[in-house]
Colleague: 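The following block contains the structure, expressed as C-alpha cells.
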Amino acid sequence: MSLEPNFTTDGGDWVCARCNVPLEQIKVQALYMHSAFDVFLPRCPSCGLTLIPRTLAEGKMAEVEALLEDK
Amino acid sequence: MLEQSQLHAIEARCTQEAAPRCRTSCPLDMDVRAFLEHLAADRPREGRKLLERHLPLPAVLTAVCDHPCENACLRRDLGGSLAVSALERYCMKAVPEQSRPLIRPPKGQKLAVLGAGLAGLTAAFDISHKGFAVTLFHENTREDALLAAFPSLDRALPEAELKALEKFHVSFVSASLDEALLERCTEEYSAVFVDASCCAFAPSREETESATLLWRGNICCGGWESLTPTGAHFASASAQAGEGRKAGITLQRIMTGVSLVASREGEERKDRLHTPLDGVQPEARVLPAGESYTAEEARREASRCIRCACMQCVKECPFLQKYKEFPRVYARKLYNNASVVRGTRTANVIMNGCALCGQCEAICPEHFSMADLCLHSRRDAVERDVMPVSAHEFALEDMAQASGPEASFFVEDPALAAQGGHGATMFFPGCQLAASRGEQVLAMYRFLREKLPGGVSLHSSCCGIPAHWAGREALFASHAETLRTVWEQAGRPEILTACSSCMTALSLALPEASVVSLWEKLDNMLTGPISCSAPDVMNVQDPCGARHNEAWRNAVRSLAAKAGIRVEEARRTGEESACCGYGGLVWNAQPDVADAMAEKRAGEFSHPVLTSCIMCHDRFAEKSESLHLFDILPPTAGKAVTSTPPGLSARRAGRMALKEAALEEFLGIRPEHRHDEEPILLRIPDEVRQNMEKRYILRQDVVTAIAGIEESGAKFLNRENGHFLGSWRPRNVTFWVEYTVDDDGGFTLVNAWCHRMVVPGAIQPATKVIMEERVHA
Ligand code: SF4
Ligand code: SF4
Ligand code: SF4
Ligand SMILES: [Zn+2]
C-alpha cells in the first residue's frame, strides 16, 4: 500500500499566486488514520503551499483512504 | 458481536444451499442438478466424474437404479420429470472412466461382508476405497446375487466392476452364508456387514438401529426388499445401495473407534430448498429416437432441468446481487469480518450496501432478515471503532444540519402560545420534506391548524433515522433526548408525521408518544371527492417504512381513490415493496447500489407512480413520472416551488428557507441575514454542480472556501488560462476549488474536488486540523 511517489499537476502552467514563483516537485508526507506516506507533489519553494491534483485526490488517494478505513 | 451459535441459527434460515429434491430423494446423495448442468453444457466427462464421485459401482448401479429422483423432480408436472436415470446410463456409455482413485496399502482393520448383493457390494466398495481390506463371502459365482435380483442386468457390467474391486484389496471368497460363518467373522474381523438379500439369518429392518443400521456388536445389516405402494415386494437398487453406504459409515466408525451417531445429520434427507416455480414453462421430456440418447438428445433433455434454487430475495435486491452471493454466505462473511482484529475487513462494504428495507425478510419463505444482520454488524463496527468514517459521514452531517440551529425550529400554535397553551397535535414533516417541499409544509400546516380541533404546533427537525441506520446508537439516543425535550415542552401532543422513516424513528425514540401518519389523519378529514389533475391510473409505491404499517398503506389508497385515481398494483407491492435506495443510507455509502435500486423499482411501474414518501418521490422523479401525495391533495397541490427534486446543497438551503418563512409567518421574526445571502457572488455552471453532488461537495463549502482563500491569498494561478486554485479544510475533508475571478468581482467555479488525507502545506494554514478526528463518534 504505497502511493506512487511522484504526482505533477493535471496540466497547466501553475505558479504560487502569492509568491509568484513556479512550483517544484518536493517530497511531503500525506497522513491518514495513523499512517504516513511519502509523496512528491508540486509545491511552492518559497511559502510551502502544496497542490493536490484532482486525479490524485480521486484516484490513488481515494483508494488508499478506503483501504486504510477498512484496516 | 455474534456468537458462533447465533450465526449458525441465522445461517440456517437461508436454505439456498440445501439440496434440490432430486438429490434429497437419492439415497446416495447424487448431485443430480450439477450432473445435468454438465450434460446440458456439453461436458459429459465432467458428468461422469460426478457419477464416479457419488455412486458405488457406477456402471452397475446406473443400469439397475429405480431412480426415486425422478418421482421427486419438480419438473414432474411441467412436462415430465427429467430422465435422470437414462441420462446417467447414456453418460456411462458415452464417456470412459474419468477418475483414478489412489490405491493405498490397506490399514490394519479388516471388514467382512456376507453376501454380494448390491448392499454388500456397496459397503465393500465404500470401505475398500477408504483404504481398508475387505473379504466378501458369496455363494455360487460372485455376480449371481446381483443377476438374480436384477435379471435384466448385463453380466459384463458386474464382471468388470467386481474385478476392479480386487485392486482395492477386496478378496472374494466362496462360502456358504450361514450363522457359523457369521460367528467366525465377528471374531476374526473388526466389523461385519450382512447383506439381507443373500443371508437367510439376517434380521428384519426393524431389528436394526435406523440411524446406523447396527444390528448387534460389530455387525451392521442392509439390503432388504422394498414394498411398492400396493404392497408388492421388489429389490430397490437405490435403497439397497443406500443401506450399504449408511452401514459402511457405521462400520468404518466401528473399525476406527469413533462415535457411531455423532454428526450424521447430513445423512438425513430433508427437503428444505424453496424453489419458486412461477414463470417456469412446461417442456416435454426429450425421448431418445433410438435405443438410448444421442449426445444431442441428452443435451436437450438435460437442459430441461429447472436448476432448482431459491434465490428469491436475491432476484429482487440489487445489493444482494452486487456481491454475487446469497444471504447464507453473506452471514458467514459478516461474521468472519467481525472476527478480524487487524487486516482488511472486506465485509465492511457488505454491511453498508444494504438499504435495511426489509424486503428480503418479507419475501423469504424462512424470513431471513439481511437488514437485522447488516444493522447488527454496523452497530458492532461502530462499537469497535472500525466503521469506515466516510460511509455515512455526509448523511450524518446532513442530519446535524437538519436538527441544528440553522434549520431546526419549533413553533407553538400561535393561537395558544400567548396564553401558554399547547396544541393537542404536533406536525412533524421530517427533514426531507422540509428540504424538498418547504412551501407545501407551510400550506399543510395552515390547513391542519384551521381544521384540527385543539391547536397544532410545528416541529421541523430530523427524526434521527440516519443515526439509527448508521449503527450509531449513542447518537440516536442523544438525538431522541432532544426530540423528547421538545415534545414534553410542547405538552406531549400527538405527533403527525408525513414520512414513514420518521414514523419508525419516532416510535423508537418516543415510545410513549402517539405517532400517527398524516395520511390517515387526512383520510379522515377529507371525506368527499378530491378534485385534482392526477393521471387516471397510477401505481403506488409503498415506502419500506410502511412495510408493516397497513393503516398507512390503506390511507394512501383511500386518498387516491377519493382523488379519482385508479390504483393498479405494481409487482411486489405492500409488505413486499422494494426500496427506492434511500433506506439504510446506502445512497451515501454505496450510491451505485442505491441507483440500481431506484432504477429497478422505477422499471417495475407501468403507470405514473404515486408516493407517500418524499425520498421515494425524489429518487424516482429522474427515472419515471412520479407524484407525491402533496401534489394531489387540496391543501398542498400546486404549491411545490420546483418540479425537479433539489440537490444536496439545495436541500439544506430549503430547510433554512422553511425556518425563515415559518418564523416570520408565525412568530413575526425577521432574520438579520437571509440564508441565501452569501459573502461572495458565486456562479456554478450546471455540469460543475452535478459533479459536486456526486462528490458530496456543497455550495456552502465552495463559498466558504473561495472566501477564505481570497482573504488569505494562499492560492495557485494557472498562467495559461488565469484559473485560481486553492483549498479549505473545514472538517476532516479538504476541499479544492478551481475558479476564475469575473469582471464584476464575482467568481465562477470551474471544478471542485476533495480528499480526506492530510498533506501539510496543502491546506489553509489558518485551518486547525485535528488529526484522526472522527465525526460524530
Ligand atoms: S429467500 Fe433468500 S434468504 Fe431466504 S432461503 Fe431463499 S436465498 Fe435464502
Ligand atoms: S428440475 Fe432438476 S434440480 Fe429440480 S428436482 Fe428435477 S432434476 Fe432436480
Ligand atoms: S436492501 Fe432490503 S432487500 Fe436488500 S438485503 Fe437489504 S433489507 Fe434485504
Ligand atoms: Zn508561495
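Protein chains get the first letters and strands the later ones, always in sequence-line order, with residue 1 at the start of each.
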Colleague: Check whether A:Val15 gets within reach of chain B through its side chain, its backbone, both or neither, counting any heavy atom under 4.5 Å.
Modeller: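 When you check distances to chain B, atoms from both the backbone and side chain of A:Val15 fall under 4.5 Å.
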
Colleague: Do you know the tightest heavy-atom contact between B:Met757 and A:Glu65?
Modeller: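 Minimum heavy-atom separation between B:Met757 and A:Glu65: N-OE2, 3.0 Å.
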
Colleague: Quick one: are B:Thr734 and A:Ile52 in side-chain contact, heavy atoms under 4.5 Å?
Modeller: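 No - every pair of side-chain heavy atoms lies 4.5 Å or more apart.
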
Colleague: For B:Asn721, is it the side chain, the backbone, both or neither that has a heavy atom under 4.5 Å from a heavy atom of chain A?
Modeller: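 B:Asn721 has no heavy atom closer than 4.5 Å to chain A.
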
Colleague: Is B:Asn718 reaching over with its side chain to a backbone N or O of A:Asp13, donor-acceptor style, under 3.5 angstrom?
Modeller: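 Indeed, once roles are kept as given, a pair shorter than 3.5 Å links the two residues.
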
Colleague: If you compare all heavy atoms of A:Glu58 against all heavy atoms of B:Trp753, which two are closest, and at what distance to 0.1 Å?
Modeller: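 Taking every non-hydrogen atom into account, OE2-CB, 3.7 Å.
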
Colleague: Pick out which of A:Leu51, A:Leu56, A:Leu41 makes a side chain to side chain contact (heavy atoms under 4.5 Å, CB included) with B:Val759.
Modeller: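 Single side chain to side chain contact (heavy atoms under 4.5 Å, CB included) partner of B:Val759 among A:Leu51, A:Leu56, A:Leu41: A:Leu41.
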
Colleague: Less than 4.0 Å between a side-chain N and a carboxylate O, is that true for B:Glu738 and A:Arg54?
Modeller: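 No, A:Arg54 and B:Glu738 are not salt-bridged.
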
Colleague: Can you name the residues of residues 586-597 of chain B that have some heavy atom under 4.5 Å away from a heavy atom in chain A?
Modeller: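 Within residues 586-597 of chain B, near chain A: nothing under 4.5 Å.
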
Colleague: On a heavy-atom basis, which atom in B:Cys754 and which in A:Ala57 lie closest, and how many Å separate them?
Modeller: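 Nearest heavy atoms, B:Cys754 then A:Ala57: O-CB, 4.0 Å.
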
Colleague: Which residue out of B:Arg719, B:Arg695, B:Glu720 racks up the most heavy-atom pairs below 4.5 Å with chain A?
Modeller: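 Ranked by heavy-atom pairs under 4.5 Å with chain A, first place is B:Arg719.
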
Colleague: What heavy-atom pair brings A:Thr50 and B:Trp736 nearest, and what distance separates the two atoms?
Modeller: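 Result for this residue pair: O-CH2, 3.2 Å.
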
Colleague: Test your reading of the model: is there a side-chain donor-acceptor pair from A:Gln29 to the backbone of B:Pro760, 3.5 Å cut-off?
Modeller: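 Judged by distance alone, no pair lies under 3.5 Å.
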
